[in-house]
Amino acid sequence: MRKVSLETKILGLVLSLSLFLILLLAISFSYMEGRQIAKDKGQLALELSKTISFMPTVKEAFETDDPASIIQPVVEKIRRETGAEFIVVGNDKEIRYSHPLASEIGKRMKGGDNSRAIREGKYYVSEAAGSLGLSIRGKSPIFNQDGKIIGIVSVGFLVEDVRAQIFKDLSKEMFISLLAIMISIIGSYMLARSIRKDTLGLEPFEIANLYKEKNAVLQSVKEGILAIDQNGLITSMNQPAKKLLDIKESVRHLNVDGLFPSKYLFEVLRSGEPQADKEITWKDKSIIVNCTPIFDSEGVSGVVASFRDRTEIEEMVHTLSEVKMHSEDLRAQTHEFTNKLYVLSGLIQLGEYDEAIDMIQSETSELHSLNRVVFEQIKDSKVQALLLGKIGKASEKKIVFEIDAQSYLEKLPDHIKLSQLTLIVGNIIDNALEAVSVMDEPLVKFFATDIGNDLVFEVSDNGKGIAERDISYIFNRGFTSKNSGSPSGYGLSNADQVVKELEGIIEVQSEKGNTIFTVYLPKKRRGG
């Protein structure tokens, strides 16, 4: 298929648009102008008819033997001076006493639109066909001194004359419109030539193909790629780079400062020497950066940086560590359960049946309460597995782990992965277990619900609490406080990072004997 040139497209578009607008404006102008002229003519006709109906000469003529001889000269003079097509005066029987054509005097008025004036005494404008053609008419009744209707005045302007006036006004506008079209064509031609020069003679479809190829190459690379010009303005950035830097909007032509650690980029701009495998930290992420200069005839014109995230690897290792820990917790729970079976066996062998039954009922009651919530009200297998592991770990450490009986959770949305859930909820529960490990009556409570637009997870403990001065730092990478029950500086930081990736928030409330972590995760992400 033959491609149409840019110049032809611009000329065709401007010409088509100009013609369309002119046609649209002509129709609109004709319609509005016609209505306005008709309205003005109708109002003029009505005012003339009123004036004539109030003239004493006209009223007195009705009492003479030959009213037409008096009325005809008077109204004809008025008609010629005002430009009206006709002024007809008739009696209450609609017999004419005046008419532009003398032969029509004495005949009955035509149009069938006189009844409102003669019978009801109304003043109005109408449109009807008479002896001279279709016309816009002003109708006024004539009253005698006693207030009785004795006749009617009809003043009219032909619709044909109104249309002729509209066409006359429109022809002037068309001349101006044609002049505008000529100017548009000349301007379009000059614009097309200028654009073609700026694009080095390439047609738009050729530029589009080059852009698609470049974009496909950039997006196919898993590493983040960022390019800047010699002024530090971003010229391109692929989607992996935006995801890694947590950027959602377009950054083209924005300064790289504040969006990316630009130190190495500007060093390459100044020196022209590439930088390889530089490790930097940006927004709690460990990034490996490579920078390569872009050269043109005048020297370094820009820099391309490729970078990858080491945090993802750290998260994967941490998740594997969590899974291993869950496995160990379940193994410990199995070992504890085996010990209880040995105790039961010993009680039965000794004949202590009542104590054995009490022990079984106690264990059964506790497990039934927990299992009812875990398996009947928590319907997501990922959360079930996580809670079972934490229950075993708490049991091993002699910590009471309660799951709120009001907890209810359907299957989690697909965008929340097991690794993310482990990093968030698993870390917070571990913190709580560690915080209460030194208490005489350690207690950790868990609550979850999906009522509303958010998933809500709440973990509380009766530990010593978090010092007020530390609350604003507990999510900082590397921060640790054994007194507050924080991990070794990475657990809460990783949890906070994943919550932000899922577009949620974490709230913390703490006082001595009561620390509460609440996590809110939207069921639907803003982008989907």
Side-chain angles (χ1 to χ4, degrees), residues 318-411 418 421-422 425-449 457-464 482 485 487-488 491 513-517:
H318 185 80
T319 302
L320 291 174
S321 175
E322 286 283 334
V323 172
K324 182 180 178 182
M325 185 176 63
H326 292 331
S327 177
E328 292 174 352
D329 291 341
L330 290 173
R331 189 180 296 112
Q333 189 177 22
T334 302
H335 182 265
E336 183 183 2
F337 187 72
T338 302
N339 288 335
K340 291 179 180 180
L341 288 178
Y342 285 137
V343 173
L344 283 173
S345 176
L347 290 172
I348 293 172
Q349 291 179 31
L350 293 172
E352 300 291 341
Y353 301 116
D354 291 339
E355 291 188 22
I357 291 172
D358 289 342
M359 180 178 178
I360 291 171
Q361 289 178 343
S362 176
E363 291 292 328
T364 301
S365 176
E366 183 178 349
L367 287 174
H368 178 73
S369 177
L370 284 174
N371 289 343
R372 182 180 62 81
V373 177
V374 172
F375 293 107
E376 295 181 12
Q377 296 176 212
I378 305 295
K379 300 184 179 182
D380 185 87
S381 58
K382 296 190 287 290
V383 181
Q384 289 174 347
L386 179 64
L387 290 177
L388 288 174
K390 298 307 178 184
I391 290 171
K393 184 174 183 178
S395 177
E396 181 187 4
K397 293 184 176 184
K398 307 302 180 185
I399 297 172
V400 178
F401 188 87
E402 292 184 359
I403 301 178
D404 194 302
Q406 300 300 318
S407 295
Y408 187 87
L409 205 63
E410 293 288 349
K411 188 177 183 301
L418 175 60
L421 186 69
T422 302
V425 181
N427 271 318
I428 294 175
I429 294 178
D430 285 343
N431 288 347
L433 294 176
E434 184 177 352
V436 301
S437 61
V438 296
M439 306 303 293
D440 295 334
E441 296 180 359
L443 174 63
V444 174
K445 295 181 180 180
F446 175 83
F447 171 75
T449 183
F457 298 96
E458 184 176 280
V459 179
S460 63
D461 65 71
N462 64 344
K464 294 182 178 180
K482 295 297 182 181
S488 59
N514 186 28
T515 298
I516 302 174
F517 280 79

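With values rounded to the nearest 0.5 angstrom, E410 atom CD is found 10.5 Å from T449 atom OG1. Taken from CG in D380 to CG in L409, the straight-line distance is 6.5 Å, to the nearest 0.5 Å. Summarising the geometry, atom CG belonging to N427 is positioned 11.0 Å from atom CG belonging to L421; distances are rounded to the nearest 0.5 Å. Distance check: N431 CG to F517 CZ gives 6.0 Å after rounding to the nearest 0.5 Å. Distance check: F446 CZ to L386 CG gives 7.0 Å after rounding to the nearest 0.5 Å. Note: I403 CD1 to F447 CZ = 12.0 Å, rounded to the nearest 0.5 Å.
Applying the side chain to side chain contact (heavy atoms under 4.5 Å, CB included) criterion to S460, with sequence neighbours excluded, gives K445, N514, I516. Q349 is linked by a side chain to side chain contact (heavy atoms under 4.5 Å, CB included) to S345, counting only residues two or more places apart in sequence or in another chain. Residues passing the side chain to side chain donor-acceptor pair (under 3.5 Å) test with K379, sequence neighbours excluded: Y408. Under the side chain to side chain contact (heavy atoms under 4.5 Å, CB included) criterion, Q384 pairs with V374, F375, I378, S381, not counting sequence neighbours.
Not a single donor-acceptor pair under 3.5 Å links the side chain of T515 to the backbone N or O of D461. A side-chain donor-acceptor contact under 3.5 Å links Q377 to the backbone of A405.
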Got a list of side-chain donor-acceptor pairs under 3.5 Å for residues 435-443, not counting sequence neighbours?
{"unit_1": "S437", "atom_1": "OG", "unit_2": "E434", "atom_2": "O", "d": "2.7"}

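F401 and A394 get closest at one heavy-atom pair: CB-CB, 3.7 Å.
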